[in-house]
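Throughout, numbering of the chain's residues begins at 1 and tracks the sequence. Whatever order the structure lists them in is the order used to number ligands and atoms, beginning at 1.
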Amino acid sequence: MKWEGNRESDNVEDRRDGGGGGYGGGGFGFGGRSIGIGTIVIALVGGWIFGINPLTILGLLSGGGPPAQVQQQGPAHKPPADDRMAKFVSTVLADTEDVWTDVFTKGGATYQKPRLVLFRGATQTACGQGQAAMGPFYCPGDQKVYIDLGFYETLKNRLGAPGDFAQAYVIAHEVGHHVQNLLGISGKMDQMRSRVSKTEYNALSVRLELQADCFAGVWAHHAQNARQILEQGDVEEAMNAAAKIGDDALQRAGGGAVVPESFTHGTSAQRQRWFDTGFKTGTVKACDTFSARVL
Ligand SMILES: [Zn+2]
């Protein structure tokens with residue numbers, strides 16, 4: 001991916017030096033002792049990686065989530081200028097800002113930029129305490145994407161998805177959840193949660209996640225048209241990452257049986273297909289996973 005020298009975002013908040021939360025007393029900040037390691041493991045296997053709001057899912061499993069509060073928006077504590085990885089993340093975020101601002105403007109709407117928080121280990125969010133083990137996630141309550149950059153090591157070494165464009169796809173997917181939040185889709189999902197069965201909710205969650213993959217593809221489409229960011233093998237890197245984090249692949253990797261009803265993110269093939277749909281068409285309309293008969 002060709003990104004060096006491109007614009008960097010002002011919306012990256014660096015909490016890696018411990019500012020803004022972290023491990024307090026060794027316990028999990030939400031739900032207290034009722035959340036054992038079993039729940040954590042189940043939630044992980046059930047698709048925490050890339051979840052829209054894993055904290056809510058965890059709250060659901062333990063019978064009561066944390067209250068959602070919007071945090072105060074002070075100026076972002078920026079990462080150091082010589083931090084190459086932070087620079088990369090900041091450049092990708094800026095690129096998503098440019099693309100989605102454009103897409104929203106053309107659709108007669110205004111894009112509100114999300115913030116991206118770099119943290120290490122654990123951090124406070126409007127959705128409860130975020131943990132690195134969850135993988136990157138988006139919290140609709142404070143409109144922030146959270147990522148512990150250690151996840152990229154996991155992606156490369158444990159999940160077998162290396163490459164800078166795979167890393168960019170991760171951010172674009174989370175930003176896709178922010179777009180869903182702005183479009184009111186996340187809110188509708190939240191309302192559904194109490195009305196439908198767990199199996200039905202999982203099925204909806206799959207559509208939500210596949211749409212975020214499709215939106216990541218929409219970003220890649222426009223970024224390529226505007227800035228020619230792609231190099232040989234980049235799309236394959238994103239497609240490979242999409243495959244490696246499919247629910248079936250993760251369940252297999254977890255050593256368990258593949259249980260389709262428990263899927264919350266979609267299969268490898270579906271995740272690849274929807275990223276590709278967004279990438280080829282470049283339109284939000286093409287990403288209507290909720291009406292699609294075949295995922
Ligand atoms: Zn997701």
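Scanning for side-chain contact (heavy atoms from CB on, under 4.5 Å) contacts around Asn6 gives Thr91, Arg227, Ile229, with sequence neighbours left out. Residues forming a side-chain contact (heavy atoms from CB on, under 4.5 Å) with Thr105 (at least two apart in sequence, or on another chain): Thr101.
Among the atoms of Asp213, no N, O or S atom falls under 2.8 Å of the Zn ion (ligand 1). Coordination check, His265 versus the Zn ion (ligand 1): failed, since every N/O/S atom of the residue sits at 2.8 Å or beyond.
The aromatic rings of Tyr138 and His177 lie parallel to each other, their planes meeting at an angle below 30°, with 60° marking the opposite boundary.
Seen from the Zn ion (ligand 1), atom NE2 on His173 and atom OE1 on Glu209 lie at an angle near 100° (rounded to 10 degrees).
In this structure, a donor-acceptor pair under 3.5 Å is present between the side chains of Ser268 and Asp248.
Nearest N/O/S atom of His177 relative to the Zn ion (ligand 1): this is NE2.
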